Amino acid sequence: MVQTLRDQLPSSGSGGRGWVPPGTLPDPRPPDEADVVVVGGGVLGWSVAYWLKVLEGQRRHGMKVLVVERDPMYSRASTVLSAGGIRQQFSLRENIQMSRFSASFLRDINEHLGVPNEPPIDIQFQPSGYLFLASPQQAAALEATVQLQREEGAQVALLSPTQLKMKFPWMNTEDVAVASYGLEDEGWFDPWTLLNAFRRKAISLGVQSCSGEVRAFVISANHMMPPGQLSARIKYVHVHMPDSIEYQPVACAIVVNAAGAWAGKLLEAEGLPRALCRPPLPIQPRKRYVFTWHCPNGPGLSCPFLVDTSGAYFRRDGFAGNYLGGMSPPEEEEPDPSDLSVDHDYFQEQIWPRLAQRVPAFESLRVGGSWAGYYDYNTFDQNGVLGPHPRLENMFLAAGFSGHGLQHAPAAGRAVAELLVKGRYETLDLRRLGWDRLVDGEPLKEQGVV
Ligand SMILES: Cc1cc2nc3c(=O)[nH]c(=O)nc-3n(C[C@H](O)[C@H](O)[C@H](O)COP(=O)(O)OP(=O)(O)OC[C@H]3O[C@@H](n4cnc5c(N)ncnc54)[C@H](O)[C@@H]3O)c2cc1C
């Protein structure tokens, strides 16, 4: 059973050293103690922190939530390097439900994340349907997922090749059997604005943040467990200061692992015996490229967020004949993730031919810029892992969304906060996304990973 925060608070709520009251500037140094330490200040970490404050009811001496982020410039964070897309078209019920929650949250973002006396939030939402194309071999699976999406209330149309050609005359539909097209709640937005809005609102509600890297934990073993069933609690998180050998131990009741692509690595930190971290958390960084190009005679304003039968994707990027896109490589051709350099040949040799096959006008595109970012890749089943760790009793996971974590952050953050504050999921039942499936070896596959 999940213990709630109320059962576990180490502090009286009077405030430890360095605790910053709501509305003041964040202290870059960590405090001595916090009720909840969120490791990772990406969109998921800040979403959890925000929802914790919302759900506790914003009492004056509420829980102390600390977000620890090692990279204040977010130079490698997945959130800011993402393509910014949101769609309803997933194959797993929970992912569709999270997308529906997030779309509604984003629509009313100023009601949720607006801060008094601050400018309104504009996430620059560009409404535009995702268009998934299916070959004859892919058609049945696509039609089945659309059925599920409709059951969940998503507005998705199935288009025949003739309908497709009428709506998007610039497209080669020769090898397409059917396509699914999102009619509402799909498009893209600015990821940094969403991250910053969560962060700003959470800080205004009293969440504290600090710069530093969590490199070690101090645990105490639970001796009440039957022999062979190891378990422990984290008592301290060691936050290492930037460019220093100094570290600050932070006493805590709960740790939220929102370390994104590095969530698996966090469980290899000093102080965590290997035997406690079995099975290992299968989340690792996988490098993905995004390329931009210019094509004045391309699809133009009617361009959807198109996902090709080949796996290549593209969307409009602004209004001046600019586009962006990419493609995940097959497993055996994964690029070396040790840095974020871009392989330009990958565009020339792999992506461009597929784009030009689908959109003949792209034959004459001119490549602009490019960047690489890390998918927070769950190698087990490409879905988020949420909820308590089976052996580290007070560690909760919010990571591993494998390329769809930006759009699911509002829902996933709320779900984890519900587990912590209420002891159960209330808004969406996300139990199937828990650790049990890793222990049982039962993947919960998402077919719509782009
Ligand atoms: C090219 C690309 C395109 C994408 N497109 C989309 C899209 O269209 N739609 C969508 O929904 N998603 C998309 N994604 C995926 C999405 O960006 C991620 O799923 C999401 O941003 C994950 O958020 P996060 O907060 O878990 O991770 P991050 O944003 O990476 O944040 C994790 C943070 O944890 C910090 N950290 C790690 N370890 C430690 C530690 N030990 N101590 C302190 N701090 C630590 C890191 O510095 C990092 O800032 C895309 C990703 C990429 C790379």
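We number each residue from 1, following the sequence as shown. For ligands, and for the atoms within them, numbers begin at 1 and follow the listed sequence. Keep in mind that this is a model prediction, so the values were computed, not measured.
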Look at [atom] and find which of [options] reaches it with the closest heavy atom.
atom                    : options                       : value
atom 3 (C) of ligand 1  : Ser47, Gly41, Ala83, Gly212   : Ala83
atom 2 (C) of ligand 1  : Asn257, Val214, Leu81         : Leu81
atom 15 (C) of ligand 1 : Ser75, Gly403, Gly413         : Gly403
atom 30 (O) of ligand 1 : Gly40, Gly260, Ser78          : Ser78
atom 11 (O) of ligand 1 : Arg286, Arg70, His408, Gln407 : Gln407

Taking the side chain as C-beta and beyond, is there a heavy-atom pair between [X] and [Y] under 4.5 Å?
X      : Y      : value
Tyr289 : Ile351 : no
Phe217 : Leu266 : yes
Asp343 : Lys287 : no
Phe90  : His404 : yes
Thr193 : Asp122 : no
Leu419 : Leu386 : no
Pro330 : Glu332 : yes

Side chain, backbone, both or neither: the part of [X] lying under 4.0 Å from ligand 1 by heavy atom:
X      : value
Ala372 : neither
Val39  : side chain
Val80  : neither
Tyr289 : neither

Quick test: of every protein heavy atom, which one is nearest to [atom], and how far off is it to 0.1 Å?
atom                    : result
atom 22 (C) of ligand 1 : Asp376 OD2, 3.3 Å
atom 31 (O) of ligand 1 : Gly42 CA, 3.3 Å
atom 50 (C) of ligand 1 : Ser82 CB, 3.3 Å
atom 9 (N) of ligand 1  : Gly85 O, 2.9 Å
atom 16 (C) of ligand 1 : Leu406 N, 3.7 Å
atom 35 (C) of ligand 1 : Glu69 OE1, 3.3 Å

Any idea which atoms of ligand 1 are less than 4.0 Å away from a heavy-atom of [X]?
X      : result
Ala258 : 32 (C), 34 (O)
Val290 : 1 (C)
Thr79  : 17 (O), 21 (O), 23 (O), 25 (O), 28 (P), 29 (O)
Gly373 : 53 (C)
Ala77  : 29 (O), 30 (O), 49 (O)
Gly84  : 7 (C), 8 (O)
Val68  : 43 (C), 44 (N)
Leu44  : 23 (O), 24 (P), 25 (O), 26 (O)

Next on the checklist: Do the side chains of Glu152 and Arg93 get close enough for a salt bridge, i.e. N-O under 4.0 angstrom?
Outcome noted: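 Yes, Glu152 and Arg93 are salt-bridged.
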Checklist entry - Checking side-chain contact (heavy atoms from CB on, under 4.5 Å) against Gln88, which of Glu186, Gln407, Gln149 comes through? => result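 Output: one option passes, namely Glu186.
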Item to check | Spacing of His112 atom NE2 and Arg107 atom CZ [to the nearest 0.5 Å] | outcome: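 One gets 10.0 Å once the value is rounded to the nearest 0.5 Å.
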Checklist entry - Taking N or O atoms only and a 3.5 Å limit, does Val43 qualify as a polar contact for ligand 1? => result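 Yes, there is a polar N/O contact under 3.5 Å.
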Checklist entry - Quick check: does Gly405 get an N/O under 3.5 Å from an N/O on ligand 1? => result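 Looking only at distances, the answer is yes, because the N/O contact criterion of under 3.5 Å is met.
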Checklist entry - Ring centres of Tyr374 and Trp262 under 6.0 Å apart? => result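 Between Trp262 and Tyr374, which both carry aromatic rings, the centre distance is below 6.0 Å.
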Checklist entry - Does the ring centre of Phe198 sit less than 6.0 Å away from the ring centre of Phe105? => result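 Yes, the ring centres sit under 6.0 Å apart.
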Checklist entry - Yes or no on side-chain hydrogen bond (donor to acceptor under 3.5 Å, both in side chains) for Ser99 and Arg87, after CA distance, side-chain angles and deciding distance? => result CA-CA 7 Å; Ser99 287; Arg87 59 182 152 113; over 6 Å; no
Checklist entry - For Ala253, does its backbone N or O pair with a side-chain atom of Asn394 as donor and acceptor, under 3.5 Å? => result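 Present.
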Do any side-chain atoms of residues 427-437 form donor-acceptor pairs under 3.5 angstrom with protein atoms, and if so which ones, sequence neighbours left out?
unit_1, atom_1, unit_2, atom_2, d
Thr427, OG1, Arg414, NE, 2.9
Thr427, OG1, Glu418, OE2, 2.3
Asp429, OD1, Arg431, N, 3.1
Asp429, OD1, Arg431, NE, 3.0
Asp429, OD2, Arg431, NE, 3.4
Asp429, OD2, Arg431, NH2, 2.7
Arg432, NE, Glu94, OE2, 2.7
Arg432, NH2, Glu94, OE1, 2.8
Arg432, NH2, Glu94, OE2, 3.3
Arg437, NE, Asp381, OD2, 2.6
Arg437, NH1, Gly384, O, 3.3
Arg437, NH1, Leu433, O, 2.8
Arg437, NH1, Gly434, O, 3.2
Arg437, NH2, Asp381, OD1, 3.0
Arg437, NH2, Asp381, OD2, 3.4
Arg437, NH2, Asn383, O, 3.3
Arg437, NH2, Gly384, O, 3.0

